[in-house]
Amino acid sequence: HMTKKKFSITGMTCSACSAHVEKAVRKLEGVRAADVSLMTNSMTAEFDESILSNEDIISAVVQSGYGASLPRKAGTGAQAAPREDTMAQELAAMKHRLIWSFVFLIPLFYISMGHMMGAPLPAFLLGHENAVAFGLTQLLLTLPIMYLNDKYYKVGFKTLWNRAPNMDSLIAVGSAAAVIYGVFAIYQMGYGLGHGDMDLVKKYHMDLYFESAGMILTLITLGKFLETRSKGKTGEAISRLMDL
């Protein structure tokens, strides 16, 4: 008995995500078709109920690194209101993360790039003799940005572990690599200062990329915020048309 059902999908951030969800469901025995909409965060699956259950479909999506559930019972006004409330809450949370990311990014960018443009820096950050303080201050400003945007790491590394990397995986790996290398550089500068090797200090003093990690995370969040706001307006219009 073939049946067609709609599922709500969560955790998708790009077209690679929707493609992975489709692939995970289509490979199940008894599935005739599976089509995922990134715009409405939903999936329509046609499958044989004598072979598969709703839980089997949901389980396949979860194992691929995303969330799935059966949508709430349809209702014109009642359905629209919770959806709009959820979108408003998501936008408010993203705006909060974005504002605080910039709060830490601006001083981070000033400290890392300001001296190149002749901007004054506090004395404890100037010169190669203060290289460790220079690097450590940048690290301490980068960590809150990473914490605020930890969703990229949670989703990115999870999908990478499931061998289905998406855009979040790229952001997570790129920013994490910059920070890890920066920590390595701080240790190298500390070693150089402790052993009187100023050439080593000079080498790694210019090899700090904390601002790159902070900038990547903040600008991607800005892009996601604008995208979600636009998507919310479009999705709202689509939902109203579907209700009609």
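Because only heavy atoms are used, hydrogens play no part in the values below, and waters and symmetry mates are left out as well, while side chains stay in. All residue numbers in this chain count up from 1 along the given sequence.
The backbone N or O of Met215 sits nowhere less than 3.5 Å from a side-chain atom of Thr218 that would complete a donor-acceptor pair. A donor-acceptor pair under 3.5 Å is absent between the side-chain atoms of Arg97 and the main chain of Asn149, judged by distance alone. His205 contributes no side-chain N or O that, together with a main-chain N or O of Val201, makes up a donor-acceptor pair within less than 3.5 Å.
Paired with Asp48 under the rule side-chain contact (heavy atoms from CB on, under 4.5 Å), one option of Arg32, Met2, Glu29 passes, and it is Met2.
Residues Ala68 and Thr10 approach most closely at N-OG1, 4.5 Å, considering heavy atoms. In plain terms, the two heavy atoms of Phe210 and Val179 that are nearest each other are CE2-O, 3.7 Å. The two residues Val155 and Gly11 come nearest to each other via the heavy atoms CG1-O, 4.3 Å.
Ion pairing of Glu90 with Lys224 is absent here, as no side-chain N (NZ or NE/NH1/NH2) approaches a carboxylate O to less than 4.0 Å. Salt bridge absent: Lys6 and Asp35 never bring a charged side-chain N and a carboxylate O closer than 4.0 Å.
Taking the centre of each ring, Phe124 and Phe134 stay at or above the 6.0 Å mark.
Around atom CZ of Phe109, no more than 12 heavy atoms belonging to other residues, nucleotides or ligands sit under 6.0 Å away.
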Please assess Tyr187 against Tyr204 for the test ring-ring contact (aromatic ring centres under 6.0 Å, His included), listing each intermediate value before the final yes or no.
CA-CA 9 Å; Tyr187 273 97; Tyr204 285 99; over 10 Å; no
